[in-house]
2 protein chains.
Amino acid sequence: MPKVLFRPCGKSISVPRGTELLDAAHISGVAIESPCGGRGTCGKCIVRVTDGEIDSHSLSILPKSAVADGYVLACQTTVQSSDVHVEVPEPATMEGGNFTNGDETYLVRGELLPKKWEFDPLAVKWLIQVPAPQPEDGLSDLDRLKRAIQVEWGRQESLPVDTLRNLFEDVRSMFLDVVVSMGAMRQLSSALRAHNGLVTVTLVRTGKILQVIQVEPGHNADCHWAIAVDVGTTTVAVQLISLTGAKIMATRSAYNEQLACGLDVISRINYAKKPERLQELRARVLRTINDLMGQAARSQEIDPLNISNAVVSGNTTMIHLLLGMNPDYIRLEPYTPTLLEVPFLTAGEVGIAINPDTWICFSPNVGSWVGGDITAGLLCTDLATDSEEINLFIDIGTNGELVVGNGDFLLGCACSAGPAFEGGGIECGMRAAVGAIEKVQVDSETGIAHYATIGNTRPRGICGSGMIDLLANLLLTGWVDPAGKLDRTRESPMIRIMGRSARYIIARGSETENGEPIFISEVDIENIIRAKAAIFSACVLMLDEVGIGFDDVAQIYVAGGFGRYLDLDKAIVLGLVTDVPKDKFRFLGNASLMGSYMVVVSREYRQRQLELSKRMTYFDLSNHPGYMDRYTAALFLPHTDPQQFPSVAEAMAALHRRRQANLSRSKVAS
Amino acid sequence: MPKVLFRPCGKSISVPRGTELLDAAHISGVAIESPCGGRGTCGKCIVRVTDGEIDSHSLSILPKSAVADGYVLACQTTVQSSDVHVEVPEPATMEGGNFTNGDETYLVRGELLPKKWEFDPLAVKWLIQVPAPQPEDGLSDLDRLKRAIQVEWGRQESLPVDTLRNLFEDVRSMFLDVVVSMGAMRQLSSALRAHNGLVTVTLVRTGKILQVIQVEPGHNADCHWAIAVDVGTTTVAVQLISLTGAKIMATRSAYNEQLACGLDVISRINYAKKPERLQELRARVLRTINDLMGQAARSQEIDPLNISNAVVSGNTTMIHLLLGMNPDYIRLEPYTPTLLEVPFLTAGEVGIAINPDTWICFSPNVGSWVGGDITAGLLCTDLATDSEEINLFIDIGTNGELVVGNGDFLLGCACSAGPAFEGGGIECGMRAAVGAIEKVQVDSETGIAHYATIGNTRPRGICGSGMIDLLANLLLTGWVDPAGKLDRTRESPMIRIMGRSARYIIARGSETENGEPIFISEVDIENIIRAKAAIFSACVLMLDEVGIGFDDVAQIYVAGGFGRYLDLDKAIVLGLVTDVPKDKFRFLGNASLMGSYMVVVSREYRQRQLELSKRMTYFDLSNHPGYMDRYTAALFLPHTDPQQFPSVAEAMAALHRRRQANLSRSKVAS
């Protein structure tokens, strides 16, 4: 039997071939956290294999750079025939304010994820034996299939007793209404005769109907897939999930192809005024989704027609555009959209290229400006539980959305941040993908930047987390003033004055992939300041409305797809988030996508989400008299009132003192 | 006020402009039959207007030749400003063995038709007022629409109390599940705002769901249409119905475009073995249906999208091909089709170019060889009632189907007649359309034919009724012998001997439209004999099975689309139908189409049809040892056993005596 050696502790154990590294660790007493229960969703069991042969399903889940370094998820990796050396990271490596949002791993608390017994997608696969046709029994293939499904209901004995009883209540109330889709009916005659009546049926279950959407010959119940889709104004992400164990097998994201038609929601709504342009926007986002879905499916070598569950989350405008529905009344008083809770629609109707007969489930929208991305994201937080503590949820995207509440109340609002944090509307901005500058140090004397890129490649642009790091460091080194202007009083090779405007060079042309310099202009800085001001002022106003301050909030959940790492200290320096103890913050990454995952694997979570959406009250900022004042006050780094950010105020004061001292020294020297 | 003068009785009456001729007749005491209750469906109120100005809706219903002669339906025609002279035909003109099947009028007994209070199509139109959107009420357009529909349920007070109570039981059992189709949702935002929330909604109602398929701005509830479709192996017919009063407004029929791929069901099934050919057959029949539907819609100047009810009837194979489902197992033991009762499918899924979101209702099939055309046709007979008398239903099409029974039992069977009676497989055969020879006299001495065509035009071919008339007269004049061979012993300019075969010229090339002669060959005659033998022997065998004879049958209903007039005497001469008192026969024309009409205007009739289909037993002729003997015995004119047709036997004997006498005379003369 192969031996597994764990480092740095030095424990080792011999295990049979095929044993999971996570199990080997547990048996040998090596502590590896696994809050998601070994499903490859939380990313906490990451380890590094330095020697030996393994078989890992996490290779497509982790970032390529991590894979290249030998990192795997212990729960997704099995020992093969040779001995294996495993490095277990210190627990702290995944903590400390940074979070992986990235494309792949998530930091949702394990107890918030669906448990194994809650795995219960809308569409399930059953293996059933359909009796052979009999002469003159007067039964068609369809009749025989329906009867066999009715019998199978009775046989679901592996289910817990409670579930079984509930199923039968369903049955009684609806007299087991089995409906078979046209596509499935067309498969019927050959499928029923290929393996003597043994078929795998895919069924969509709702309260009232049991719809057969696929009939495959023989045993194919293990080939059962789902997708979770987050449709952002700027970025679209698709996650492919194997429903055997609810494992995330691949995640892909890309810019929403609608970006060419407007950077934010309002410009898209304006663009959609002509019916043919509405159709164009619909086609564009469908192309983005279907491309990503196709990439994910190819990575697992599956046929998209085997995907029979899908949950789509997005803001209210994105969902209207995706469905080809006029979004105009979303932005006109009294802000009444065509729909909030989207009924089940077939994939064929919606245009998502999975099994066309299956039903797409949309995360419910709450109002014109608080959409399904938020009701999905909230599932990743204690706001979805009956907690008595008040929590705050902030989703930083092209629209910023905020929700405050507990088990008793939920108040939600939205503000327009713009696409800056996702790289949109910034001259050298880009998504958090390979080649994006994500960390920037600034030399306080020379102003020269030292940066790191995702994938350690030559830089191609700067992503949201890079912008935050850069701008905070420019402020702390005095190269940018609180109004966002570059320092024209000192000379630096990195600052170029161009008339009334100026730009800061992060990487020279000689260092970049395409030979062009990467810079940030004062106009870019203004956009970033407006984005952070919109979010911060909405936050302050909403808490005021509830009559509480930041100190009364137990946890602050931050979601958003603007970078793989957000440095909390730097976000505070900019005044994007408030200056409270850092242990209050919980980072979620793309919470909308993760919430969609939860809903797609568990109907129970769908129910929870519907209840959330019903008890949330929408708070309209745009008509609030106090919003503009608070917004204007926040158009400063960190804020016009520095006392709201005492730690930043102190650092700025120290900088000022240092510079005054330097100035005196240089005067003396001269 | 204009005066209406009725002839030949001479009664007259002054009536206001706009009065229906039927009402004018009733008031003045002129007897005009109107069993269908004035809906333009039974054709019994046909009259001829010889003078004066009228406004008639029957112009598109009646044959053009009749319209040209001034015929109108009294129930569809109103008096205008001038005096009107009306000729009322003798009651006998519509009786006496002949029946109009034609394209347009029907002879279904009035009491079998849906009554006014039974008008209740699957999809209805409601005019509703949707309250205006309110700020911060949290309701979307969709929510507001659903609520308004719920309120409207409560307001349906014009319905009879029983219906209202039933509706509310529905509601309770399903908690009023209002579902809105994607297409209707897309119309919502503009429709709700065009007339201050006044909209016309089209709703499909089934036991469990109330589905909104269309939302139109303002009042458009009167523009509500349905189609009834009969998909025959040879001929397809489409009827357009205005649901305001359930009036038939246009009927169109044409050959099924699938004919190019095989004349009968078996050859179509063989053709469909390759998937792409199955698709081809599907496309062909859809093209035929959609062309006819388009013609009918254009004749009434309506948009096919305003058609939101449809009932389709056809044999089991035709329905499989229409739905793109493999028909192969229909003809393979144990003859198990994919489906018998077709679930509701949307028009979009099926491919019929009416409102794509509405649901198509298919007449239920009973077995592989007794299809929905029969369960539709039976609605036109007492077999659909709880009558104690035993009745017989014969549908003469490419497949012959027979049903015998009463309120207690129903037994159905099928035989393959071939397309001869619809003009298929006959060299000069054609459908009963303008230019078809429908009546032929034969001179017993010279053999020369005197014929009449539909529309009194130059002949283009011969239709089923023409063939029956011709062949019976050829037999009765001795030009054809009981084996179907032409008389080679006498000379006639109309008989051409061509080696071992011979043909009979009906019309010379100089008389016909295309300059080619119209004839019937001995091979054609064999086909006709095989067709009639199949039907007659099936009839005899099925009655044997039940243990009764023709004398025990109260009424014999004959349906089929093979001609506008069937001469019963001639049908008996050929041995197609049995030699019993003629008053036992009831002619129905295209009963499948008429039954589809009944189902499309009334859900009650749909229910009746489902019950019919469930209580019918299928009797498999093909495996019955006695069938082949009886079939072979019937391959003679009228039959190998002439005693089964005493009146024909007597006529033949008289002919024989006459010819013997003539022969003697000529011998004497020579």
Side-chain angles (χ1 to χ4, degrees), chain A residues 132-144 173-175 177 179-183 185-190 192-193 207-209 278 316 320 323-329 333-346 348-350 365-368 614 616-618 620 623, chain B residues 132-144 173-175 177 179-183 185-190 192-193 207-209 278 316 320 323-329 333-346 348-350 365-368 614 616-618 620 623:
Chain A
Q134 299 299 322
E136 294 175 25
D137 65 355
L139 296 180
S140 65
D141 288 349
L142 184 62
D143 298 328
R144 295 188 294 128
S173 77
M174 69 184 193
F175 308 105
D177 199 355
V179 173
V180 182
S181 78
M182 188 121 170
M185 285 198 287
R186 289 198 179 124
Q187 301 166 331
L188 210 48
S189 67
S190 54
L192 285 182
R193 286 165 182 88
K208 285 175 187 159
I209 295 171
L278 174 55
T316 310
H320 276 65
L323 297 175
M325 291 180 191
N326 178 5
D328 215 29
Y329 299 99
E333 272 193 287
Y335 313 111
T336 304
T338 294
L339 39 70
L340 290 167
E341 189 184 327
V342 185
F344 287 119
L345 297 167
T346 66
E349 282 179 304
V350 176
N365 304 298
V366 174
S368 277
K614 291 210 170 86
M616 196 186 304
T617 310
Y618 177 64
D620 182 13
N623 284 330
Chain B
Q134 299 300 322
E136 294 175 24
D137 64 357
L139 295 181
S140 64
D141 289 348
L142 184 61
D143 298 328
R144 293 188 294 127
S173 78
M174 69 184 193
F175 309 105
D177 199 353
V179 173
V180 182
S181 78
M182 188 120 169
M185 285 198 287
R186 290 199 179 122
Q187 300 166 332
L188 210 49
S189 68
S190 54
L192 284 182
R193 288 166 181 87
K208 286 176 184 157
I209 296 170
L278 173 57
T316 311
H320 276 64
L323 296 175
M325 291 181 191
N326 178 5
D328 216 29
Y329 298 99
E333 272 192 288
Y335 313 111
T336 304
T338 295
L339 40 71
L340 289 167
E341 189 184 327
V342 185
F344 287 119
L345 297 167
T346 65
E349 282 178 305
V350 176
N365 304 298
V366 174
S368 278
K614 291 212 170 84
M616 195 186 304
T617 310
Y618 176 64
D620 182 12
N623 284 330

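This one's a predicted model, so the numbers in the text were calculated from it and none came from an experiment. Just so we're on the same page: letters track the sequence lines, and every chain starts at 1.
- Counting heavy-atom pairs closer than 4.5 Å to chain B, the top residue among A:G324, A:S181, A:S190, A:G138 is A:G324.
- Side chain of A:T316 to main chain of A:G367: a donor-acceptor pair is present (N/O by atom type, distance under 3.5 Å, no hydrogens or angles).
- Of the two parts of B:L345, only the side chain, counted from C-beta on, holds a non-hydrogen atom closer than 4.5 Å to a non-hydrogen atom of chain A.
- At a 4.5 Å heavy-atom cutoff, A:E333 makes no contact with chain B through either its backbone or its side chain.
- With hydrogens and angles disregarded, no donor-acceptor distance shorter than 3.5 Å links the side chain of A:R186 to the backbone of A:M182.
- Rounding to the nearest 0.5 angstrom, the gap separating the CG atom in A:N326 from the CE atom in B:M185 is 14.0 Å.
- Separation of atoms CG (B:L139) and CG (A:L339) is listed at 13.0 Å; rounding is to 0.5 Å.
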> Between B:L278 and B:M325, is a side chain to side chain contact (heavy atoms under 4.5 Å, CB included) present by the stated rule, with each step listed?
Replying inline: CA-CA 8 Å; B:L278 173 57; B:M325 291 181 191; 5.9 Å; no
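- Using a 4.5 Å cut-off between heavy atoms, B:E341 contacts chain A through its backbone alone, with no side-chain atom that close.
- At a 4.5 Å heavy-atom cutoff, the contact between B:Y329 and chain A is made by side-chain atoms alone.
- Per-residue heavy-atom pair counts under 4.5 Å with chain B were compared for A:H320, A:E349, A:Q134, A:R193, and the maximum is reached by A:R193.
- Between the side chain of B:T336 and the main chain of A:P133, no donor-acceptor pair closer than 3.5 Å is present.
- Contacts of B:L188 with chain A are made by side-chain atoms alone, with heavy-atom separations under 4.5 Å and no backbone atom involved.
- For chain A, no part of B:Q187 is nearby; none of its heavy atoms comes within less than 4.5 Å.
- Only the side chain of B:P343 comes within contact range of chain A, with heavy atoms under 4.5 Å apart.
- The greatest number of non-hydrogen atom pairs below 4.5 Å with chain A, out of B:L142, B:T338, B:L323, is found for B:T338.
- In this structure, B:R144 does not pair ionically with B:D137, as no charged nitrogen and carboxylate oxygen lie closer than 4.0 Å.
- Residue B:L192 does not touch chain A at all, counting heavy-atom pairs closer than 4.5 Å.
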